[in-house]
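Read the structure below first, then the notes.
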Amino acid sequence: MHKMVMQKNYVKAYKLVILLAVVLAVLSAVAVPLSLSRQIREAAALEQTYGEDHHDGEHDGHDGEDAWKSQITPLTPGHFVFFGVLGLLWVLLAAWYWLLTAAWLYRSAVNAGMNKSLWMILGLVGNLLAVAAFLIVRDAPQRKKAAV
């Protein structure tokens, strides 16, 4: 495992993570509204039909909201599966990024002669804060001990 972490090309890996995040974001931005297009159309039609009549402020709003919900097509199990898979892909991508950052901190700490375990643990716990701290500590000028 140590050898794999030390030989990994992190620039290439981060570029792949960014590319996958962009593709997943575009997919999410296009597919979610398309999958909910029927419900969106129905809600927009109801808004145009009833307009201000249901929003006059005289009622507590719960009766009108329930009436609207009953007139909009409910989500199908396919919607829930789709949203679950999409959410899972986002979680997996975030986990990959998180572990990749901890591995990069480990390798960079080894190369800088610092405590590798500490920086890897900080990377797992604090991720971007650990990266910022590492970059500050690594680039801090080393004080030379005065010869006595």
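Note that the numbering runs from 1 along the sequence shown for the chain.
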Is it the case that one hydrophobic cluster holds both [X] and [Y], taking links as side-chain heavy atoms less than 4.5 Å apart, direct or via other members?
{"X": "M120", "Y": "Y10", "answer": "yes"}
{"X": "W96", "Y": "V85", "answer": "yes"}
{"X": "I121", "Y": "L100", "answer": "no"}
{"X": "V131", "Y": "I136", "answer": "no"}
{"X": "L129", "Y": "L118", "answer": "no"}

Determine the minimum heavy-atom distance between [X] and [Y], stating which atoms define it.
{"X": "A102", "Y": "G123", "value": "CB-C, 4.1 Å"}
{"X": "A13", "Y": "K8", "value": "CB-CE, 4.1 Å"}
{"X": "A109", "Y": "K116", "value": "CB-CA, 3.8 Å"}

If we only count heavy atoms from C-beta on, is the [X] to [Y] side-chain gap below 4.5 Å?
{"X": "R38", "Y": "I72", "value": "no"}
{"X": "W119", "Y": "W104", "value": "no"}
{"X": "L24", "Y": "L20", "value": "no"}
{"X": "I18", "Y": "Y97", "value": "no"}
{"X": "H2", "Y": "Y106", "value": "yes"}
{"X": "L93", "Y": "W90", "value": "yes"}
{"X": "L36", "Y": "L75", "value": "yes"}
{"X": "V32", "Y": "F83", "value": "yes"}

Would you check if the side chain of [X] reaches a backbone N or O of [Y] as a donor-acceptor pair within less than 3.5 Å?
{"X": "Y14", "Y": "N9", "answer": "no"}
{"X": "S108", "Y": "L105", "answer": "no"}
{"X": "H79", "Y": "S35", "answer": "yes"}

Salt bridge (Lys or Arg N to Asp or Glu O under 4.0 Å) pairs, two or more places apart, involving residues 92-114
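As it turns out, there is no salt bridge (Lys or Arg N to Asp or Glu O under 4.0 Å) pair with a partner in residues 92-114 once direct neighbours are skipped.
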Residues which pass side chain to side chain donor-acceptor pair (under 3.5 Å) with T73, listed by chain and number, not counting sequence neighbours:
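For T73 the side chain to side chain donor-acceptor pair (under 3.5 Å) partners, ignoring immediate neighbours, are E42.
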I'd like to check the salt bridge (Lys or Arg N to Asp or Glu O under 4.0 Å) partners of R41; sequence neighbours left out, ordered by chain and number.
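Listed in chain order: nothing, the list is empty.
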Step-by-step side-chain contact (heavy atoms from CB on, under 4.5 Å) determination, L27 to L86
CA-CA 9 Å; L27 176 69; L86 201 57; 4.1 Å; yes
